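Data block below; observations after.
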Amino acid sequence: MKFSITVTLKKDVLDPQGKVVQNTLINMGMNNLKSIRQGKHFEVEVEDKDQTLAEKKVDMMCKKLLVNLIIEDYKITKI
Amino acid sequence: MKFSITVTLKKDVLDPQGKVVQNTLINMGMNNLKSIRQGKHFEVEVEDKDQTLAEKKVDMMCKKLLVNLIIEDYKITKI
Amino acid sequence: MKITNQIIEKHGLKLEEFKIIKKLIKREPNLLELGVFSAMWNEHCSYKSSRIHLKKLPTKGKQVIQGPGENAGVIDIGDDDAIIFKIESHNHPSFIEPYQGAATGVGGILRDVFTMGARPIALLNSIHFGSPKHPKTKSLLNGVVSGIGGYGNCIGIPTVAGETKFNETYNENILVNAMAVGHAKKDKIFYSKAKGINKSVVYVGSKTGRDGIHGASMASAEFDENSEEKKPTVQVGDPFTEKLLLEACLELMKDNSIISIQDMGAAGLTSSSVEMASKGDLGIELDLEKVPCREENMTPYEMMLSESQERMLIILEDHKEKNAKKIFDKWDLDFVIIGKTTNTNNLTLKFKNKIVGEIPIEALASKAPIYDRKWSKRKPQKNEINLKKLKKIKIEDALIKILSSPNHSNKSWITDQFDQNVMCDTVQKSGSDAAIVRIHNKDKAIAVSVDSSANYCKSHPILGGKQIVCENWRNLIAVGAKPLAITNCLNFGNPENNEIMGEFAECLEGIKQACEFLNYPVVSGNVSFYNGTNKKNIYPTPVIGGVGLIKKLSKPLNHEFKKENSTLVLIGKTFGHLEQSCFLRENYSIIDGLPPEVNLLNEKNNGENLLNLIEKNYILSSHDVSSGGLITALSEMSIGSNYGVKIQKPKNLTNLMKYFFGEDQARYIIEIDTKNLPKVEKILKDNDVYYENIGFTQKDHFEIEGELKISTKDLFKINNAWYNSY
Amino acid sequence: MKSSVIVFPGSNCDRDIAVALEKMQFKNQMVWHKDTSLPKTDLIVIPGGFSYGDYLRSGAIAGKSLIIDEVIKAADEGCLVLGICNGFQILTETGLLKGTLLRNKNLKFINKDVHIKVINNQTNFSKKYKKDQILKINIAHNEGNFFTDKTHLEELTKEGLIAFKYCDEKGNVSEESNPNGSLENIAGIYNSKRNILGMMPHPERMVDELTSNKDGVNLFSSLLN
Ligand SMILES: Nc1ncnc2c1ncn2[C@@H]1O[C@H](COP(=O)(O)OP(=O)(O)O)[C@@H](O)[C@H]1O
Ligand SMILES: [Mg+2]
């Protein structure tokens, strides 16, 4: 069973990286760009039959390792 | 118009980070984990009416800056 | 909106203090004003609990250009060169988010140093963690270390020294202290004191966001029912922007545009503007609408209390705005005139053409409360350890235990993560007693070291306070530097607790005595109270950061043995003091008794004579003897080199363990060319320095005759093993 | 011999390399990334540091700056180009050198003195070194793990385009002597015309006996004549 996880910085948390990328894209002439935020993406495969159980496990991985809950939000999607 | 971009390392490129994350998760007792790959995620907002045009622009951003085509693949989704 | 008691408390103010506020401004403050008061009157900005004690520290000397009171201390190192340095804590943020907490700690202390006109040339840190066995320790440790490296490496300033300690007392409250050292020209030092009326107040650097807005945290929903919930957010460091800010500020400092400059640290815009006005004895008016904001709909309250990083406030001379703006534009940084100086002696805050807050500057600064808190003396424990009653242990096993312990293990796994060589002036990187950094383009250098001894300070705060100053002084001497001045970071528990306040007062007393005697003044520092909970406070942990001068750098001196068959001399007398020693702690888990006595006279005499020997070029390597005693110091000298030792036991030895593991102060081990021994002995004798010849260096083996013989390679392995198995 | 050091926002070894070049008697100039033309120069150096904070990918954003077009033009015309550390990363991002630099295999920043071996000593950058000479040079990077595709790797080997390999003090090129996981221990490479060198180690940090050894000196003296 495969899941995708996207991890993004919480709103209001400074995103120095996004800022630089946005400025660069605008300088490169992409002037219709309104905003860009950068985050992380994981593709996880777990060996489980039961989807709820599997999802719970993936959620645990996020909480315990993949996500810094103090500054990041995350979303899990089955793929 | 908003798009999400996921950028992943190509299959044959070594993913040192993914490997370490995978080992750590397994050491933490997540033994049903089959694989995990890490990538980047962007959320882009462009001011455009026309979806095809907008998508083209986002594609250009990827090609010109956001993605290193030698080692990375990417996927654009409208959100 | 009515200010309720709950709101007052949420701002960390006492009801008593609120009454004083009302009296000072002759009315009830509004919420914005309350926020400003809370920022200025908190412990961090006002030093309300510590001030009367800090006053006792010696802060003057021929070498001092600027003592405490400015962003950082300034000392004279001869010619037209000045060194600017300071240490600061970032304990609480680092416990919440270790990477960002440590990173922004480094960023903050760097700004303190470059606001004064210095180019930073070295970073140091003192980091204290709980027991390695505590479940939180490992991730805190890894996070803090990579945060320190992440910031320093990116901005391109070498992190050259530090200390890393583990002790259960920090289980729920780690310490992260960062020190920055910069170099400036003596006649190009910038201060925060404002001067002149109607001068432009300029905001430069990053935009303001809702970072770390403390007081309001929980109650914020109540403050503004219509707005969405605004949680305080963790400050995220942006070393890239700081690098730009550094270069832009230094560029602007080349001409005479700046009247006054101040970084926005804790309490950001509030403390920077109030401090400038207060020192200049004038008023300041800010038009908050002009503040560059990162988020939409930020309120004046949020702008004044935001702790967003990488920002500065500058007061410019007339007509210099245009040129200054050009410089900041070049570096892609915001540059906005947000206000002006006034003759009202008020902090006046405008928003959308309305005055939204107005407070007399003196109410925020000089009239802030000062407390003479109750404190109690520590009743010293007695030394009652009977060695005969302890289980017998082999000297070799005891040594191995120490060298492989987390506290004494080699820290290269940490220091390899720091760029120590960038700027190409690092002459001695971390690993020795002090780091040596050359003054760019000159043949002189400074030596720097940070030191603390929480166990000693806990047991006997006065002695402990004295000891850390001496150890720090010794570390600089050991690399051939003349110690000039210190900065200190005073990490303590809750000052409202008599005992803790007593620890504070007495540690300071000890620091004072040592600094006075050694002519080693305090030029800057920082106090961090409320470490731990009221019931469980951390051990008193003052950290001393010292700077010394090497006038003429020929070749660097460090603790590594240089060759075989040289003579080893132990300077200073060994009494065998084992109470509070690493030996008892690591081998028997005994943490009892008093720390070793500190004899300032011997300390000074031994140090000054060693410095004389070093300057005469008699010394091949030298190392101070501290935690772990003589044998630990000797093994550290071996581990760094490929040479071992052959040590003879002294003839009338009462106790082997006491001799080899005792932590008596004022001692150094020196390696000298055997042919120079007579000359060295003469100088030591002529100057009443107690010394012993303890043996020789030899190839490959670490040996104490009749007791132990280990290969130096094994010693190295033992010393390097801990982290890999952690 | 004239040299130009390109300065990006976030470059932090720019002064270091300038000092080294001047010490070696180059006539050096600093060139700001927003400039649109290069001064007349024989050597272009892209220094180490964290251009644009290493955000997105190290070197990616610097690779889009105005001056880079001029660097590419000059390189095509045969001007010598040296990219050190972040400079190497920038060169791969601009396409002047093939391959890329991934995160170090231990996912940590590494600063230490390591040994490298001179693989090709027949270039403008290396002719003062002996073949297989072992140098001790400082590294300081987070992303120094060289990676490239098979064809390029073969080309590098066959054409003698590998400049340096990580090794131990005796010269053994092995897994243990590979600090960051680089493919075949590669520490530096040339382009096919050999006028461009990208390397992770910092030769500019190795020219002053007070702070280091002098193993970097011959790289600069090779360039001088
Ligand atoms: N966090 C750190 N950052 C930089 N250097 C460190 C750090 N921790 C330890 N060190 C280095 O390790 C060496 C040993 O530290 P320590 O045992 O505290 O020395 P000493 O007892 O001489 O004060 C010193 O050179 C010190 O600079
Ligand atoms: Mg020491």
Side-chain angles (χ1 to χ4, degrees), chain A residues 1-11 15 17-51 53-68 72-77 79, chain B residues 1-11 15 17-51 53-68 72-77 79:
Chain A
M1 214 170 280
K2 272 195 179 174
F3 295 88
S4 113
I5 310 170
T6 53
V7 183
T8 47
L9 277 179
K10 284 188 177 157
K11 192 179 162 289
D15 176 15
Q17 184 148 254
K19 197 174 80 186
V20 167
V21 171
Q22 180 160 352
N23 288 345
T24 310
L25 285 170
I26 289 170
N27 286 343
M28 284 166 72
M30 319 274 175
N31 28 31
N32 281 17
L33 177 70
K34 244 186 97 179
S35 81
I36 181 163
R37 280 183 78 84
Q38 180 169 349
K40 280 183 243 162
H41 163 84
F42 296 93
E43 219 176 276
V44 194
E45 195 175 347
V46 283
E47 268 177 349
D48 256 303
K49 300 270 142 63
D50 182 320
Q51 182 171 343
L53 202 74
E55 216 165 316
K56 230 184 205 156
K57 271 189 194 155
V58 174
D59 190 61
M60 190 116 98
M61 291 181 194
C62 289
K63 289 217 170 85
K64 285 210 167 157
L65 183 72
L66 303 178
V67 183
N68 181 347
E72 293 170 333
D73 288 327
Y74 66 101
K75 213 172 77 193
I76 302 171
T77 338
I79 46 174
Chain B
M1 214 169 276
K2 275 192 178 175
F3 295 88
S4 114
I5 311 170
T6 52
V7 182
T8 45
L9 278 179
K10 285 189 175 154
K11 282 269 144 54
D15 177 14
Q17 207 158 338
K19 221 166 90 188
V20 170
V21 169
Q22 181 159 356
N23 289 343
T24 314
L25 284 170
I26 289 170
N27 285 342
M28 282 164 72
M30 316 274 176
N31 27 32
N32 283 15
L33 179 71
K34 248 185 94 180
S35 80
I36 181 163
R37 281 183 79 83
Q38 177 168 352
K40 280 181 219 153
H41 163 85
F42 298 94
E43 217 178 278
V44 194
E45 195 175 346
V46 284
E47 268 176 349
D48 257 303
K49 299 269 144 62
D50 183 319
Q51 182 170 346
L53 202 76
E55 216 164 315
K56 230 185 205 157
K57 274 190 191 154
V58 174
D59 190 60
M60 191 118 97
M61 290 180 196
C62 290
K63 288 217 171 83
K64 285 209 167 159
L65 183 71
L66 301 179
V67 183
N68 181 346
E72 294 169 331
D73 289 326
Y74 65 101
K75 212 173 76 190
I76 301 172
T77 337
I79 45 171

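Because only heavy atoms are used, hydrogens play no part in the values below, and waters and symmetry mates are left out as well, while side chains stay in. Everything numeric in this text was worked out from a predicted model, so none of it was measured. Order of the sequence lines fixes the chain letters, A, B, ..., with proteins taken first and strands second; residue numbering starts at 1 for each chain.
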### Query
Would you find a donor on one side and an acceptor on the other, under 3.5 Å apart, between the side chain of Asn32(B) and the backbone of Glu47(A)?
yes
#### Entry: Ile36(B) and its side chain to side chain contact (heavy atoms under 4.5 Å, CB included) partner, picked from Val58(A), Val44(A), Val46(A)
Val44(A)
### Query
Between Met30(B) and Lys57(A), which heavy-atom pair has the shortest distance, and what is it?
SD-O, 4.5 Å
### Query
What part of Leu66(B) gets closer than 4.5 Å to chain A, counting heavy atoms only: side chain, backbone, both or neither?
side chain
Any side-chain heavy atom of [X] sitting closer than 4.5 Å to one from [Y]?
| X | Y | result |
| --- | --- | --- |
| Gln38(B) | Lys40(A) | yes |
| His41(A) | Thr8(B) | yes |
| Leu33(A) | Met61(B) | yes |

### Task
Can you measure from CG (Leu25(A)) to CG (Leu65(B)) and round to the nearest 0.5 angstrom?
5.0 Å
### Query
Out of Ile5(B), Val7(B), Thr6(B), which one racks up the most heavy-atom pairs below 4.5 Å with chain A?
Thr6(B)
### Query
Between Met28(B), Glu43(B), Gln22(B), which has the largest tally of heavy atom pairs under 4.5 Å with chain A?
Glu43(B)
### Task
Below 4.5 Å from any heavy atom of chain B, which atoms of Lys64(A) appear? Answer side chain, backbone, both or neither.
both
### Task
Give, as side chain, backbone, both or neither, the part of Met1(A) having an atom under 4.5 angstrom from any heavy atom of chain B.
neither
